[in-house]
Student: 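Structure incoming, see below.
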Amino acid sequence: MIIRLILCFFTAVALTMRFALPEELGELAGGSKMLNIFYNFQLSLSGTMAASTVILIALILLERYLSRKQAKRDLLLGFFSFVVAVVWAMGESFREVDSLALWHAGAGQAAKTVVYIVGITWFLMEIGALLTVFLEGRWDWKWKEGRLKKMYAAHPFALPFLGLTVCWLPHLLLSYPAAMCVDGWNQMLQFFGVQKFTSHHPPVHTILMGLTEKLGLTVGSANLGLFLHIVLQTLVFALIMAYMFSAMRKLSAPLWLRILSFVIAIVSPYYTQYIGLIVKDNLYSYFILLFVIEVIYMLVQGQEYWHSKRHLLLLAVSVIGSLLFRNNGQYVIYPMMLLILIILIAQRRKESGRRALAVAAVVFLASASIAVGTQSCLMQRYGIADGSIKEALSLPFQQTARYVKEHGDEVTKEERKAIRAVLPYQKLGERYDPKISDPVKDTYRTEASTKDLMNYLAVWLQQGLKHPVTYIEATMNQNYYLLYPLAENTTLYDAAETDKVAAGMLAEELGVHEVPLIQKLDRWRTGVNKVLFTLPVFGLLSSMAVFNLILIYLCYGSIKKRIPQMALVLMPLLLSDAVIVLAPVIKGHPRYAFPVIYSIPIVFAAFLYLRNAKELRKNFA
């Protein structure tokens, strides 16, 4: 008990401690390591006595409650919590100085880092244990008999669809004609021939944007064309979300989870404001969600799934949509297809298993062929050029740039030559931005040959082995936002206007314009949504890191409860996060994490269903 009280004390300190290096420290410490530690803590904790005491009392009460419930904090939970705590500690340092320098800037900072990691590890273990106790308690809201409950029972798909549509309609109208970001305008510039049309952005989405805009122009309104696009994507989202809520009901998901998921969908700006944004990530995320739902049905229904024409059709639609509406969809869908086929091969001993394998192979092959064939035909029809390989090398380029900036004096003549064949060596240090790799990636030499790339990758590997910490810093400095909830990712779009000159000229030529009254109201909505990101509870519903922390908890729970089937459900989300790490940026672009954010409710419901099913089989074995 004494050890746990000490850990609670460390946690209270960690949660109230300022991680930055105090300015007055050097003068007060006078070169003494012990004084450095004492004064660093004193300056870092100054003014937090009351807050830290309240937190400590709350932690002690929580510990007492968990002890009474005989909650276990096992080594597996400790491992996951420790990993996340290290990422949080990285985030504290990166947020201040864009490096891990604060970890070792004197004895005081090193001591603070240890206290922080220990305290946050224990904090996360306590939260994880509390969530486990809550879930195992099987508590749920009671839904009294009434008209709404009867309507929901009779229309489990239609009622959520209607509710979402009604709640989203004001947000949709306030987005008129549509919100646009730089990517969207670049796609419009490509479709209308102002810029070279390439497959850097998914051609299907670019063409869909262009065609809806042309349809609007046909009836005399460029604004209507943009609005038709967001109406279309909102209807698709509402249909898939309603399908998700219907599936959650069939999984006997707790009522609190279904209500909470619905509240998030109608409150979180990641839903309500992004439905009015024309961007490739929206439709892609919706189809990934549909794919995850089908994977869950696959597990629950077993061999029967492969006899359902409706499910097979929806599976094919989800695969085709995921492949066509985001270029990196292939890094999620293809591995998942392979994994599903491997599982079915292992089950092929029975005749039904062989049939399921054959049906799955046909569906996947046909879906992939349709997606690849469609893109190929469109590229020929519209004269679309292939995108650059640089898009797949964002992370290596970012790591190389940081290496050159920090260890340029160690780069040999041969290494410099190999790098220069692919990137402008002299510019890498000044172009390096720890938050985004685009400035470095955009300097890629398009004339670089395959041999040049192979030589560069060999140097990249050698330098990584020589200074691995530099590569880790380059990676985590850009991606710690995925797990660090104290850095808010609050980017919202509320205008069709753009600062890009070419896009502004195109908008004027087409006749795209804001409606002053609607734009004013929309700016007010954006202000309200910005506040939501910072408010208690509401902020958690719009935190990318919180959803990823839930994902980590589900990984822990699935291993702890020995539910191997969950690996298939969790894999699309884990692959989506892996794609983000390899991508150019996440700060300021929460839309890249939407496949995870939108899928967490149904994945949580699947975990509870499979856990309960396993326990029932165990009880009646």
Side-chain angles (χ1 to χ4, degrees), residues 2-26 28-29 33-60 62-63 73 75 77-130 434 469 472-473 475-488 540 543 545-546 548-549 552-553 556:
I2 298 298
I3 293 177
R4 293 187 176 184
L5 287 176
I6 293 173
L7 290 171
C8 289
F9 183 83
F10 274 39
T11 300
V13 171
L15 291 175
T16 54
M17 177 174 63
R18 290 181 292 277
F19 208 83
L21 184 67
E23 294 181 3
E24 311 96 318
L25 183 61
L28 293 171
K33 289 186 177 181
M34 291 305 299
L35 288 177
N36 186 291
I37 293 174
F38 294 150
Y39 280 113
N40 197 324
F41 272 98
Q42 186 265 321
L43 295 170
S44 298
L45 291 167
S46 178
T48 67
M49 179 185 64
S52 59
T53 301
V54 171
I55 291 174
L56 178 59
I57 293 172
L59 289 168
I60 292 173
L62 173 61
E63 173 56 34
R73 272 72 52 129
L75 289 177
L77 180 59
F79 169 75
F80 280 106
S81 299
F82 173 76
V83 171
V84 175
V86 170
V87 175
W88 283 25
M90 287 181 172
E92 291 285 350
S93 187
F94 287 139
R95 188 165 64 163
E96 296 291 337
V97 296
D98 282 326
S99 75
L100 295 178
L102 290 184
W103 280 23
H104 50 81
Q109 286 299 122
K112 279 166 58 176
T113 301
V114 172
V115 169
Y116 185 89
I117 292 176
V118 171
I120 296 301
T121 298
W122 183 247
F123 172 71
L124 294 171
M125 290 180 70
E126 295 284 87
I127 296 299
L130 180 62
V469 173
I472 292 172
E473 285 184 313
T475 304
M476 296 307 298
N477 204 162
Q478 183 177 300
N479 293 292
Y480 72 89
Y481 305 95
L482 287 170
L483 292 176
Y484 182 69
L486 300 184
E488 296 163 355
L540 294 180
S543 171
V546 168
N548 272 313
L549 290 173
I552 290 177
Y553 174 81
Y556 157 74

Student: Mind telling me whether Phe19 and Tyr116 have parallel, tilted or perpendicular rings, with 30° and 60° as the class edges?
Tutor: perpendicular

Student: Which salt bridge (charged side-chain N to carboxylate O under 4.0 Å, His left out) pairs, counting each pair once, include a residue from residues 12-25, with sequence neighbours left out?
Tutor: none

Student: Can you name the residues that form a side-chain hydrogen bond (donor to acceptor under 3.5 Å, both in side chains) with Gln109, not counting sequence neighbours?
Tutor: Asn40, Lys112

Student: Would you confirm whether Ser46, through its side chain, and Gln42, through its main-chain N or O, come within 3.5 Å as a donor-acceptor pair?
Tutor: no

Student: Can a donor-acceptor pair be found, under 3.5 Å and without considering hydrogens, that links the side chain of Asn36 to the backbone of Gly108?
Tutor: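 Yes.
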
Student: If you count heavy atoms of other groups shown closer than 6.0 angstrom to CZ of Phe82, is the number above 12?
Tutor: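 Open.
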
Student: If you take all heavy atoms of Ala12 and Ser52, which pair is closest and at what distance?
Tutor: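 Ala12 and Ser52 have their closest heavy atoms at CB-O, 3.6 Å.
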
Student: Would you indicate whether Tyr39, at its atom OH, is surrounded by more than 12 heavy atoms from other residues, nucleotides or ligands within a distance under 6.0 Å?
Tutor: no

Student: To the nearest 0.5 Å, how far apart are CE in Met34 and CD1 in Ile37?
Tutor: 5.0 Å

Student: Determine, stepwise, if the pair Leu56 / Cys8 fulfils side chain to side chain contact (heavy atoms under 4.5 Å, CB included).
Tutor: CA-CA 6 Å; Leu56 178 59; Cys8 289; 4.0 Å; yes

Student: Picking from Thr16, Leu59, Ile120, what satisfies side-chain contact (heavy atoms from CB on, under 4.5 Å) with Thr11?
Tutor: Leu59

Student: If every non-hydrogen atom of Ile117 is compared with every non-hydrogen atom of Ala85, which pair is closest and at what distance?
Tutor: O-CB, 3.7 Å

Student: Should Glu126 and Arg4 count as side-chain neighbours, where that means a heavy-atom distance under 4.5 Å?
Tutor: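 They are not in side-chain contact.
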
Student: Determine, step by step, whether Leu549 and Ile127 satisfy the side chain to side chain contact (heavy atoms under 4.5 Å, CB included) criterion, reporting the C-alpha distance in whole Å, the side-chain angles of both residues, the deciding distance to 0.1 Å, and the verdict.
Tutor: CA-CA 11 Å; Leu549 290 173; Ile127 296 299; over 6 Å; no

Student: If you compare all heavy atoms of Gly78 against all heavy atoms of Thr121, which two are closest, and at what distance to 0.1 Å?
Tutor: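 Reported closest heavy-atom pair: O-CG2, 4.1 Å.
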
Student: Look at the side chain of Trp88 and the backbone N and O of Tyr480, then say whether any donor-acceptor pair between them is shorter than 3.5 Å.
Tutor: no

Student: What distance separates Glu473 CD from Met90 CE, expressed to the nearest 0.5 Å?
Tutor: 8.0 Å

Student: Could you pull out the closest heavy-atom pair between Asn479 and Thr475, with the gap in Å?
Tutor: ND2-O, 2.8 Å

Student: Kindly indicate, with the supporting measurements, whether the criterion side chain to side chain contact (heavy atoms under 4.5 Å, CB included) is fulfilled by Met476 and Val87.
Tutor: CA-CA 8 Å; Met476 296 307 298; Val87 175; 4.0 Å; yes

Student: Of the non-hydrogen atoms in Ala89 and Trp103, which two are nearest, and what is the gap between them?
Tutor: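 Closest pair (atom of Ala89, atom of Trp103, distance): O-NE1, 3.2 Å.
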
Student: Can you measure from CG (Leu7) to CZ (Phe123) and round to the nearest 0.5 angstrom?
Tutor: 14.0 Å

Student: Do Leu21 and Val97 touch side chain to side chain, with heavy atoms closer than 4.5 Å?
Tutor: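 No, their side chains stay 4.5 Å or more apart.
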
Student: Decide yes or no on side chain to side chain contact (heavy atoms under 4.5 Å, CB included) for Leu483 and Ile552, but give the supporting numbers first.
Tutor: CA-CA 10 Å; Leu483 292 176; Ile552 290 177; 3.5 Å; yes

Student: Considering all heavy atoms of both residues, which atom of Leu77 and which atom of Ala129 are nearest to each other, and what is their separation?
Tutor: CD2-N, 4.0 Å

Student: Once you round to the nearest 0.5 Å, how far does CD of Glu92 lie from OG1 of Thr113?
Tutor: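 Reported to 0.5 Å precision, the distance equals 9.5 Å.
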
Student: Could you grab the distance from atom CG of Leu5 to atom CZ of Phe10, nearest 0.5 Å is fine?
Tutor: 12.5 Å

Student: Measuring from Leu75:CG to Met125:CE, what's the distance to the nearest 0.5 Å?
Tutor: 7.5 Å

